[in-house]
Amino acid sequence: QVQLLDSGGGLVQAGGSLRLSCTASERTLSGYAMGWFRQAPGKEREFVARLSRSGLTALYADSVKGRFTISRDNAKNMVYLQMNSLKPEDTAVYYCAGDVGMVQTTKSHEYEAWGQGTQVTVSL
């Protein structure tokens with residue numbers, strides 16, 4: 001099973017931006033649809049965004065639509081989550097995830113590969 005490596009989290013003020021990155025050290029990501037999830041303390045892991053293998057079809061949670069952008073560079077084996085206009089409620093551990101299935105899904109249990117998580121904290 002591929003191990004994903006996510007990074008780029010940090011502390012930012014409300015209204016600021018961060019870009020998260022995800023890669024895999026031993027396998028190409030081009031065979032996976034890629035997603036980002038997040039989990040805040042005391043809450044369940046929730047879907048943030050998903051991007052198809054080609055990079056042409058993206059899906060976003062309503063809470064981040066218009067503020068976050070998921071992208072990928074298959075040549076560099078990288079997936080990104082650009083987060084703009086951050087809000088305190090965006091504070092969470094963010095995880096990248098890979099799905100070998102063909103059906104677009106927002107359910108975390110349907111993703112086979114996961115990163116270790118990167119903390120994003122948005123202050124007032």
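Considering all non-hydrogen atoms of both residues, Ser17 and Asn84 come closest at OG-OD1, 2.9 Å. In plain terms, the two heavy atoms of Gly98 and Tyr32 that are nearest each other are C-CD2, 3.6 Å. Nearest heavy-atom pair across Tyr94 and Val48 is CE2-CG2, 4.3 Å.
Environment of CD in Gln13: sparse, with no more than 12 heavy atoms of neighbouring residues, nucleotides or ligands closer than 6.0 Å.
A distance of 5.0 Å separates SG in Cys22 from CH2 in Trp36, rounded to the nearest 0.5 Å. Rounded to the nearest 0.5 Å, atoms OG (Ser21) and CE (Met78) are 4.0 Å apart. Here the CG-CD distance, from Leu18 to Gln82, works out to 8.5 Å after rounding to the nearest 0.5 Å. How far CG of Leu81 is from CE of Met34: 11.0 Å, rounded to the nearest 0.5 Å. Here Ser63 contributes atom OG and Arg38 contributes atom CZ; the two are 4.5 Å apart, rounded to the nearest 0.5 Å.
Hydrophobic clustering (side-chain heavy atoms under 4.5 Å, transitive across Ile, Leu, Val, Met, Phe, Trp, Tyr) keeps Trp114 apart from Val100. Val79 and Val2 end up in the same hydrophobic cluster when Ile, Leu, Val, Met, Phe, Trp and Tyr side chains are linked at under 4.5 Å. Taken together through direct or relayed side-chain contacts under 4.5 Å among Ile, Leu, Val, Met, Phe, Trp and Tyr, Met83 and Val12 form part of one hydrophobic cluster.
In this structure, a donor-acceptor pair under 3.5 Å is present between the side chains of Arg50 and Tyr111.
Annotation: salt bridge (Lys or Arg N to Asp or Glu O under 4.0 Å) contacts involving residues 103-124, sequence neighbours excluded, are absent. For residues 24-72, no pair satisfies disulfide bond (SG atoms under 2.5 Å apart), with sequence neighbours left out. Evaluation of the side-chain hydrogen bond (donor to acceptor under 3.5 Å, both in side chains) test over residues 115-124, restricted to residues two or more places apart or in two chains, returns Asp6-Gln116, Gln119-Thr121.
Judged by the 6.0 Å distance and 45° axis criteria, Arg45 is not positioned over the aromatic ring of Phe37.
With hydrogens and angles ignored, the 3.5 Å screen pairs no side-chain donor or acceptor of Gln3 with any backbone N or O of Gly115. A donor-acceptor distance shorter than 3.5 angstrom exists from the side chain of Tyr60 to the backbone of Ile70, with no hydrogens or angles considered. Proximity of a side-chain donor or acceptor of Arg72 to a complementary backbone N or O of Ser52 within less than 3.5 Å is detected. Between the side chain of Arg53 and the backbone N or O of Gly31 there is at least one donor-acceptor pair closer than 3.5 Å.
Take Arg67 and apply the side-chain contact (heavy atoms from CB on, under 4.5 Å) test, not counting sequence neighbours, and it matches Val64, Ser85, Lys87, Asp90. Remark: Lys43 engages Ala40 in a side-chain contact (heavy atoms from CB on, under 4.5 Å) (not counting sequence neighbours). For the side-chain contact (heavy atoms from CB on, under 4.5 Å) test, residues two or more places apart in sequence or in another chain that qualify with Asn77 are Thr23, Ala24, Thr28, Leu29.
For the pair Ser25 and Leu5, the minimum side-chain heavy-atom distance is below 4.5 Å.
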